[in-house]
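Got a structure for you, questions after.
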2 protein chains.
Amino acid sequence: MNRMTAARITSPADRPQLSLRERKKIKTREAIRTATYALIEEHGYDATTIDQIAERAEVSPSTVFRYFPTKEDIVLTDEYDPIIVEELRNRPADEPWPDTVRYVMREAARAGIEGDPRAARLRSHLMVQVPAVRSRMMESMSVTGRMFCTAIGERTGRDPDSLEVRVYAMSLIGGLMETTLYWGEHGNQQDFTALLDRTLDVLQHGLSARNP
Amino acid sequence: MNRMTAARITSPADRPQLSLRERKKIKTREAIRTATYALIEEHGYDATTIDQIAERAEVSPSTVFRYFPTKEDIVLTDEYDPIIVEELRNRPADEPWPDTVRYVMREAARAGIEGDPRAARLRSHLMVQVPAVRSRMMESMSVTGRMFCTAIGERTGRDPDSLEVRVYAMSLIGGLMETTLYWGEHGNQQDFTALLDRTLDVLQHGLSARNP
DNA sequence: CATGAAATGACAGTAACTATCAAAAGCGCT
DNA sequence: AGCGCTTTTGATAGTTACTGTCATTTCATG
């Protein structure tokens with residue numbers, strides 16, 4: 001099962017060239033995340049405290065905060081952005097912009113979900129249920145939005161800080177956000193990529209005739 | 001200076017028919033808000049604590065929490081939504097939907113800004129500077145988004161809970177959010193209504209030829 | 001192995017909330 | 001005006017996320 005996509009989630013064992021220190025860091029990071037996921041599935045988000053997480057991950061609470069600025073950040077790690085950036089750069093410069101977006105978002109979604117489907121599902125449920133997580137997700141997606149602004153700037157020669165570009169990017173982000181929410185609300189039953197396609201249709205063409 | 005718009009910010013003195021209790025409630029609510037605004041302008045958002053707010057407003061900290069669930073909510077009161085709902089209902093049913101949106105959003109913006117320009121400006125600055133406030137604003141705007149879903153459902157007969165309608169609404173919200181941010185980042189120099197128009201142009205027609 | 005740098009843990013502190021309960025204030029009735 | 005009844009308030013104690021600091025441990029390097 002060796003998939004060949006550009007960016008992959010890297011496990012500490014995969015990289016012997018990294019120093020022991022670096023490998024340990026990756027390990028504790030993973031330990032904290034794993035502990036958090038497990039505890040949340042056992043007791044729910046709010047009932048899970050940092051102290052519990054620290055205890056199960058066998059680190060001190062201080063360390064937890066050193067690795068993740070907030071509790072929400074523990075569940076919301078964003079490995080997406082680097083993927084998106086790379087995919088954006090790899091697309092042919094003459095590809096129509098909407099096609100680029102569609103392709104890149106599909107890849108990011110695929111990587112995010114296939115990389116760890118269980119975590120992806122948990123995240124989407126937390127987004128639905130826990131306002132703080134949802135908020136944090138929005139913040140993080142708006143960073144992604146700024147990246148899109150830059151990309152649009154490079155592609156079209158527009159000013160990436162112009163109102164128009166920024167509004168375009170954030171409306172895209174808003175749509176994507178709602179798609180994720182929708183997916184989570186419906187128990188992750190539907191194929192996320194299919195939802196994504198419908199979303200991008202709406203964003204491109206507005207609410208046109210066919211859709212229910 | 002008696003303007004005749006539907007919803008107005010009501011001062012306690014304006015309504016003698018309200019019971020003493022109700023009038024007092026409005027008064028303390030206002031006192032808390034006023035104290036908060038003043039303190040934030042003096043010392044900044046983070047440096048302003050609930051205890052300070054309570055002290056200046058001459059109530060107990062408990063009372064502050066009774067009136068506002070979170071610190072962010074104190075600065076972000078949403079009187080917008082009721083206005084939007086009412087304006088939406090008042091529009092002729094056969095008006096093209098984009099026109100309705102434009103009209104309603106203009107009215108809401110006008111009410112929000114003219115009602116208390118100083119507060120509006122402070123809010124937009126806090127949105128730019130304080131992540132927590134920005135997050136809370138997004139949450140509150142996504143509620144507004146759900147209202148738009150309902151309105152779209154009534155207008156077009158679509159299922160207001162369908163992915164398409166929800167995505168459309170949230171992309172609208174995303175765009176509006178970014179507009180407010182942009183306005184705040186640029187020191188509230190520009191006419192907000194003009195920005196709003198440009199935003200709605202982008203949302204309707206995408207990034208087309210003319211804009212910089 | 002010795003020396004410097006980075007990571008960790010322990011500790012103390014802050015501030016936003018939550019829960020509870022008794023005191024106080026407005027309300028309605030006579 | 002006085003008296004129950006309900007609502008609002010304040011005081012108090014507790015929880016938890018998060019910050020800052022400093023000594024100790026752990027790794028890197030010559």
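Convention: sequence-line order gives letters A, B, ...; per-chain numbering from 1.
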**Study point:** Contact list for DNA chain D against residues 41-66 of chain A - heavy-atom distance below 4.0 Å
**Key:**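 Contacts with DNA chain D under 4.0 Å: A:Thr48, A:Thr49, A:Ile50, A:Phe65.
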
**Study point:** Pairing residues for B:Tyr80 by the ring pair (Phe, Tyr, Trp, His ring centres under 6.0 Å) criterion, not counting sequence neighbours
**Key:**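 Per chain and number, B:Tyr80 pairs via ring pair (Phe, Tyr, Trp, His ring centres under 6.0 Å) with no residue.
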
Review point. A:Asp73 and A:Arg33: which non-hydrogen atoms are nearest, and at how many Å?
Key: O-NH2, 4.3 Å

Check your understanding: Does the pair A:Glu107/A:Arg110 count as a salt bridge with the N-to-O cut at 4.0 Å?
Key -> yes

Review point. Can you check the B:Arg21 CZ to C:dG28 C1' distance for me, whole Å?
Key: 11 Å

Exercise for review: Using a cut-off of strictly less than 4.0 Å, decide whether B:Lys24 has a side-chain nitrogen or oxygen near OP1 or OP2 of C:dA25.
Suggested key: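 Checking C:dA25 against B:Lys24, no side-chain N or O comes under 4.0 Å of OP1 or OP2.
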
Practice item. Figure out the CD1/C1' separation between A:Ile74 and D:dA17, and round it to whole Å. Key: 11 Å

Review point. Is there a side-chain polar atom (N or O) of B:Lys25 under 4.0 Å from OP1 or OP2 of D:dT8?
Key: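 Looking at the OP1 and OP2 atoms of D:dT8, one of them is under 4.0 Å from a side-chain N or O of B:Lys25.
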
Point to revise | Whether A:Arg134 side chain and A:Gln129 backbone form a donor-acceptor pair below 3.5 Å | key: no

Check your understanding: Between C:dA7 atom P and A:Leu20 atom CG, what is the distance in whole Å?
Key ->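 To the nearest whole Å, that distance equals 12 Å.
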
Review point. In whole angstrom, what separates A:Glu22's CD from D:dA28's P?
Key: 9 Å

**Study point:** cation_pi(A:Arg166, B:Tyr182) dist<6.0 Å, angle<=45
**Key:**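 Judged by the rule (NZ or CZ under 6.0 Å from the ring centre, within 45° of its axis), A:Arg166 is not positioned above B:Tyr182.
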
Exercise for review: Output yes when at least one side-chain N/O atom of B:Tyr67 is less than 4.0 Å from OP1 or OP2 of D:dT9, else no.
Suggested key: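 For D:dT9, OP1 or OP2 has a side-chain N or O of B:Tyr67 closer than 4.0 Å.
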
**Study point:** Side-chain donor/acceptor of A:Gln52 to backbone N/O of A:Thr49, under 3.5 Å
**Key:**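 Yes; judged by distance alone, with no hydrogens or angles, the pair exists.
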
